[in-house]
Protein chains: 2
Amino acid sequence: MDARHPSSDPSPWMPFASRRRARDEKREAVLRTAVQLFLEQGYHRATLNGVAERLNITKPALYNYFRSKDEILFECWALGQERVEDCIAEIDAGNGTGLSKLRKLIQGYALGMASDFGASLVRFNSHDLTEANQKIARAGKRRIDQAFRNYVSEGVKDGSIKPCDVKLTTFAIVGSLNWIGHWFKHDGALSAEAIASQFSVQLTDGLAKTRAAKKITKKKA
Amino acid sequence: MDARHPSSDPSPWMPFASRRRARDEKREAVLRTAVQLFLEQGYHRATLNGVAERLNITKPALYNYFRSKDEILFECWALGQERVEDCIAEIDAGNGTGLSKLRKLIQGYALGMASDFGASLVRFNSHDLTEANQKIARAGKRRIDQAFRNYVSEGVKDGSIKPCDVKLTTFAIVGSLNWIGHWFKHDGALSAEAIASQFSVQLTDGLAKTRAAKKITKKKA
DNA sequence: CCCGTATATTACCCACGAGTAATAAGAAGT
DNA sequence: ACTTCTTATTACTCGTGGGTAATATACGGG
């Protein structure tokens, strides 16, 4: 069925490695199922029995992979967070104007929000995490917010974005994007990609300092 | 202290009325305390014992005013909803371009979001309501969303707003506004009014079809 | 002054679901 | 085949908190 047990491979670690991989796959399967159920029914209404049932196992089996329900919640959150942070890292590695970076981040973040793990960043209540994990989550949120703000103010500096209140502008953009996590449906009329590219244009529409926009500003001034 | 017991009033219904009013005030006090606690700790972490404690009463006393915890939640939601719907009614009663109506709604909605009851529209999980109340909440959300869409498409028709994807534009605006409910703090640097007026301008900035904007559109075309 | 109603309290119930033994089954290695 | 480690199951505990029954107290009206 698959190449998970390549008996032809003589390496004595291979069987071990393959078992580890199977384990990780199961862990991921749990997370995927859990996040779906959490999103469908809400974290508290969703029970671990329910999660287990969907996986055709029983609740205690889950405890081979996770220590507690809130740990599952946290790891769902973490996967969504990771994806966004990877996106930020990629943007930071490249170059471009503040505006182009901002657009990339908007696009990446929008795509994230259209996924289950991404939506968990905004659909779950941070109070359901342990105190320690709440701190981690807050720090993560901060880093993302900071990235947005950095790109905006960078854009203002390099002239690609017209002067604006960085904080409020960021809030407005992030808000629009977060909302995707609440209304997006995979079976809807709009694909995630379409939304992402639309938003990356639309949300920066009034922000870009084009030649034409410059003219207007000067006219007004 | 107050005129709640006007013994000078001969009307036999007056005492009754005054007691009703006291009752309603207590009901409201419960809701105010409850919504605060729900927002602080999350609906599930917050207990009715906790709510009662803050009011210097005990849990069963709450059941003189509400049938269940989720009824309290619902009424908090309803108060926030009502406020927005009042705003919509007011706008619909007056006249103006689609753009000016949209700006009024943005302003009103932003102000709402900066209040506890308004924030409850977006901070609480609809799954914590009864099936019946979920339907009511969904219908309410729909009405608000529809108002936004109506004003936008009205604006496009009357020429105050430049042609755009009504649905996505609305989502973007509503998203920005809803996000206020998550980050606004009463003791923060920005007042609710400042945010509301800022957003009413900023969110419609790229939307308004000014003469200058018209020129750009024609240039591009 | 007494009665009836509204409103509060104390003391309880109990459903629910997270988490935990105790234990069985299955595969890997020898 | 025997052992061992992993992974799963059955059957259970138990804390929590929403909700209730019985009851006390305050207050306005006759």
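Residue numbering restarts at 1 for every chain, and letters A, B, ... go by the order of the sequence lines.
Nucleic acid contact for Phe66(B): none, since no nucleic acid atom lies under 4.0 Å from a heavy atom of the residue. Nucleic acid contact class of Thr58(B) (heavy atoms, under 4.0 Å, all strands): base. Looking at heavy-atom distances under 4.0 Å, Ala46(B) makes contact with sugar-phosphate atoms alone, never a base.
Contact annotation: the side chain of Tyr151(A) never approaches that of Ile161(A) to less than 4.5 Å [non-hydrogen atoms, C-beta and beyond].
Taking a cutoff of 4.0 Å between a charged side-chain nitrogen and a carboxylate oxygen, Arg27(A) and Glu75(A) qualify as a salt bridge. Here Asp145(A) pairs with Arg149(A) in a salt bridge; the nearest charged N to carboxylate O distance falls below 4.0 Å.
Side-chain nitrogen and oxygen atoms of Lys26(A) include at least one within less than 4.0 Å of the OP1 or OP2 phosphate oxygen of dA8(D). Contact annotation: Tyr63(B) side-chain N/O to dT9(C) OP1/OP2 distance is not under 4.0 Å. In terms of phosphate contacts, Arg23(A) brings no side-chain nitrogen or oxygen within less than 4.0 Å of OP1 or OP2 of dT6(D).
To the nearest 0.5 Å, atom NE2 of residue His44(B) and atom CZ of residue Phe38(B) are 10.0 Å apart.
Per the geometry, CG belonging to Asn64(A) stands 12 Å off C1' belonging to dC5(D), to the nearest Å. Atom C1' of nucleotide dG18(D) and atom CZ of Arg45(B) are separated by 17 Å, given to the nearest angstrom.
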